[in-house]
Amino acid sequence: MLPLFFLSGLSMTIFVLLHSGRGSGLSSAFGGSSLGGLSGTQVVQKNLDRITIASAFIFVITTIVLIYIYK
């Protein structure tokens with residue numbers, strides 16, 4: 001359970017940093033801004049949102065489980 005906790009925390013951190021905020025964010029370093037803002041970029045952002053939400057959900061669930069295990 002503990003490795004899943006650390007893996008979800010690390011992945012959540014990485015995926016949050018990949019989001020493009022008001023500026024062009026860290027995702028532009030990986031080609032996010034070179035797509036020209038067309039529909040392809042929106043699909044990438046939606047998928048990135050879903051992955052971030054899933055890793056945050058796993059992080060919260062593992063946190064709750066670890067609280068009850070180590071209580």
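Any value given below was found using the heavy atoms of this structure, including those in side chains, with hydrogens, waters and symmetry copies removed.
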Q: Under a 4.5 Å side-chain heavy-atom rule over Ile, Leu, Val, Met, Phe, Trp and Tyr, are F6 and I69 clustered together?
A: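 Result: yes, single cluster for both.
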
Q: Of all residues at least two apart in sequence or in a different chain, which pass the ring pair (Phe, Tyr, Trp, His ring centres under 6.0 Å) check with F59?
A: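 Testing F59 for ring pair (Phe, Tyr, Trp, His ring centres under 6.0 Å), a comparison that skips the adjacent residues, returns F5.
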
Q: For a quick test of reading the model, state the closest non-hydrogen atom pair linking S55 to S8 and the distance between them.
A: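 Minimum heavy-atom separation between S55 and S8: O-CB, 3.9 Å.
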
Q: Do you reckon V60 sits in the same ILVMFWY cluster as Y68, going by side-chain contacts under 4.5 Å, direct or chained?
A: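 Same hydrophobic cluster.
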
Q: Applying a strict under-4.5 Å side-chain criterion to I, L, V, M, F, W and Y, I'd like to know whether I51 and L10 cluster together.
A: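 Linked within one cluster.
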
Q: For a 4.5 angstrom cut-off between non-hydrogen side-chain atoms, does I58 reach M12?
A: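 No - every pair of side-chain heavy atoms lies 4.5 Å or more apart.
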
Q: Taking the side chain as everything from C-beta on, heavy atoms only, tell me whether I61 gets closer than 4.5 Å to F57.
A: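 In contact.
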
Q: Grouping I, L, V, M, F, W and Y whenever their side-chain heavy atoms are under 4.5 Å apart, do M1 and L7 come out in a common cluster?
A: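 Different clusters: M1 never reaches L7 through Ile, Leu, Val, Met, Phe, Trp or Tyr contacts under 4.5 Å.
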
Q: Mind checking the OG1-CG spacing from T62 to L2? Nearest 0.5 Å is all I need.
A: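 Answer for the OG1-CG pair, T62 versus L2, is 9.0 Å.
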
